[in-house]
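Okay, structure first, notes after.
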Amino acid sequence: MNRQLDEDDLLLINALQIGPRLPWTAIGAVLDRHPTSLALRWEKLVAAGAAWITSHPVGDPEQMSLSFHDVQCDPAQRRSVVQALAALPDVFSIDECHRNRDMMLTVITPTPAWLAESVYPLFDRIPGLTRYETSFCTQLHHGADSWQLGALNAAQRKKLSQLAGNQTAYRGPLPPAYGEILQVLSRNGRASAADIAAETGLHPATARRQLQKVLGSGSLALRCEVAHGLAGFPIICQWFARLPAAEHSRTASALADSGTLRLCASTTGPTNFTFMMWLRSAADIMNTERSLGERFPALEITESVVVATVAKRVGWILNRNGTAAGNLTVPGKAWKHGVS
């Protein structure tokens with residue numbers, strides 16, 4: 001699929017970004033479309049790899065470990081290194097670039113110990129991977145699960161947000177099948193309790209109860225993804241900066257107001273603040289930096305990196321045009337019992 005998404009596609013995807021699991025009847029009422037037509041349109045988008053709904057673990061730094069890794073490799077073995085990294089379940093995303101690193105990885109593990117004991121040894125055994133450096137996320141200000149296309153009007157967004165906010169909160173221990181349910185939702189974020197029962201072997205009533213607990217726990221994020229190029233955002237840029245710690249939250253809030261922010265995090269390492277945006281043209285890179293310089297003089301940008309290719313996004317292997325290839329690595333055995 002190489003065509004740009006049309007207006008109805010964008011409206012549907014935007015609705016699912018707000019309420020990934022909302023019934024088609026609810027979405028149809030807000031968009032003034034027949035539910036069956038919406039379901040068929042969604043099936044076509046998924047089949048084409050243009051959009052998909054997935055999930056991933058979330059939690060604060062005291063509950064889990066989110067880390068970013070700059071990777072260098074032998075140019076002659078670049079493809080094989082990408083393939084080897086993409087096969088690792090704990091490597092959730094791989095962005096290829098051509099600056100001071102060959103790839104930027106996003107890794108999510110239950111603890112830093114799991115990263116050191118289980119992930120680094122796998123990195124060390126990959127032929128052609130010559131160097132990697134790690135920065136830990138100390139605060140995630142903004143994640144891609146909250147990014148939206150902006151195709152809906154304010155009234156539609158408000159109504160969908162109200163409908164999506166009806167999920168009952170759950171504060172108890174995560175259910176025994178958390179890891180299995182997370183894996184099913186990684187493949188299909190709209191999977192029903194019956195789907196989960198069929199894939200896990202749980203009794204349907206048990207699957208329904210445990211699914212409700214997982215969804216209400218706040219331990220995972222559901223997100224409707226879209227092929228960035230087809231959505232009109234061919235440029236992906238990530239910036240690395242230094243910023244006084246007292247300014248991080250205010251700056252992150254201002255960046256979120258731009259509508260193009262996909263990631264913003266405080267980190268360890270030589271820089272302490274990073275953010276990524278989807279942009280409509282290369283000219284937007286300079287415009288963004290000029291605007292930030294005027295508004296936040298304390299923000300010292302040390303590097304901007306244009307992503308050449310997204311090889312993997314939240315477990316999903318992508319084609320070079322940003323569409324989903326149809327295969328993914330689901331969260332591995334590290335998440336058998338969930339975030340503690």
Side-chain angles (χ1 to χ4, degrees), residues 1-22 24 27-28 30-31 33 37-56 58 86 92-96 106 142-153 156-157 160-161 164 185-191 220-238 256 258-264 275-281 284 306-330:
M1 184 175 188
N2 294 313
R3 65 174 178 82
Q4 293 283 303
L5 299 171
D6 64 28
E7 189 63 26
D8 282 340
D9 292 333
L10 297 175
L11 289 171
L12 175 56
I13 293 169
N14 197 171
L16 288 168
Q17 288 175 328
I18 297 171
R21 293 182 59 84
L22 283 175
W24 295 121
I27 297 175
V30 175
L31 300 185
R33 300 289 192 276
S37 298
L38 292 177
L40 290 173
R41 180 177 287 271
W42 178 246
E43 288 178 6
K44 291 180 180 178
L45 288 170
V46 172
W52 58 98
I53 296 176
T54 188
S55 69
H56 62 86
V58 295
F92 277 69
S93 297
I94 303 173
D95 297 312
E96 295 187 62
T106 300
H142 188 93
D145 55 294
S146 58
W147 178 84
Q148 293 183 26
L149 280 168
L152 298 167
N153 61 42
Q156 290 171 320
R157 292 196 301 271
L160 288 164
S161 295
L185 293 177
S186 297
R187 291 187 286 267
N188 174 15
R190 289 182 64 84
L220 59 79
L222 289 164
R223 57 200 266 187
C224 179
E225 282 288 358
V226 61
H228 56 277
L230 301 183
F233 298 94
I235 305 297
I236 300 176
C237 186
Q238 182 162 349
S258 69
T260 61
L261 186 66
R262 292 277 299 185
L263 169 73
C264 184
F275 55 99
M276 176 185 285
M277 292 183 175
W278 282 9
L279 304 171
R280 297 193 181 277
S281 71
D284 289 337
V306 175
V307 174
T309 305
V310 181
K312 185 180 185 182
R313 185 188 301 150
V314 197
W316 288 69
I317 308 302
L318 303 189
N319 299 309
R320 298 195 71 83
N321 66 355
T323 56
N327 53 320
L328 69 154
T329 57
V330 297

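In this text, all values refer to a predicted model and were calculated from it rather than measured experimentally.
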Val310 and Ile236: CA distance, side-chain angles, deciding distance, side-chain contact (heavy atoms from CB on, under 4.5 Å) verdict: CA-CA 9 Å; Val310 181; Ile236 300 176; 3.7 Å; yes
Quick one: does any side-chain atom of [X] pair with a main-chain N or O of [Y] as donor and acceptor, under 3.5 Å?
| X | Y | answer |
| --- | --- | --- |
| Lys312 | Ile94 | no |
| Asp95 | Val307 | no |
| Arg187 | Thr54 | no |
| Asp6 | Asp9 | yes |
| Gln4 | Gly229 | yes |
| Asn188 | Leu185 | no |
| Ser161 | Arg157 | yes |

Minimum heavy-atom separation for [X] and [Y], please, with both atom names.
| X | Y | result |
| --- | --- | --- |
| Ala256 | His142 | CB-ND1, 3.9 Å |
| Leu230 | Ala50 | CD1-CB, 3.9 Å |
| Leu222 | Ser55 | CD2-CB, 3.7 Å |
| Val330 | Ser186 | CG1-CB, 4.2 Å |
| Ala227 | Trp52 | N-CZ3, 4.1 Å |
| Val226 | Leu5 | CG2-CD1, 3.6 Å |

Nearest-0.5 Å distance, [atom1] of residue [X] to [atom2] of residue [Y]:
| X | Y | atom1 | atom2 | answer |
| --- | --- | --- | --- | --- |
| Gln156 | Asn153 | CD | CG | 3.5 Å |
| Arg33 | Leu11 | CZ | CG | 6.5 Å |
| Leu261 | Ser146 | CG | OG | 7.5 Å |
| Thr329 | Trp316 | OG1 | CH2 | 11.0 Å |
| Cys224 | Gln148 | SG | CD | 10.5 Å |
| Thr260 | Met276 | OG1 | CE | 12.0 Å |

Candidate pair Leu318 and Thr323, rule side-chain contact (heavy atoms from CB on, under 4.5 Å), full reasoning: CA-CA 6 Å; Leu318 303 189; Thr323 56; over 6 Å; no
Are [X] and [Y] side-chain neighbours, meaning at least one heavy-atom pair lies under 4.5 Å?
| X | Y | answer |
| --- | --- | --- |
| Arg41 | Asp8 | yes |
| Leu22 | Leu160 | yes |
| Val314 | Glu225 | yes |
| Asp284 | Ile235 | no |
| Leu263 | Thr106 | no |
| Ile13 | Leu149 | yes |
| Gln238 | Phe275 | no |
| Arg190 | Trp24 | yes |

Lys/Arg cation over aromatic Trp147: Arg223, 6.0 Å, 45° cone: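 Negative - Arg223 is either too far from the ring of Trp147 or too far off its axis.
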Salt bridge Arg262-Asp145, side-chain N to carboxylate O under 4.0 Å: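 Asp145 and Arg262: not salt-bridged.
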From CA spacing to verdict: side-chain hydrogen bond (donor to acceptor under 3.5 Å, both in side chains), Thr309, Arg320: CA-CA 6 Å; Thr309 305; Arg320 298 195 71 83; 3.2 Å; yes
Candidate pair Ile27 and Trp42, rule side-chain contact (heavy atoms from CB on, under 4.5 Å), full reasoning: CA-CA 12 Å; Ile27 297 175; Trp42 178 246; over 6 Å; no
Distance-only side-chain donor-acceptor flag, Arg313 / His228, under 3.5 Å: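 Checked: Arg313/His228 side chains pair up, N/O donor to acceptor below 3.5 Å.
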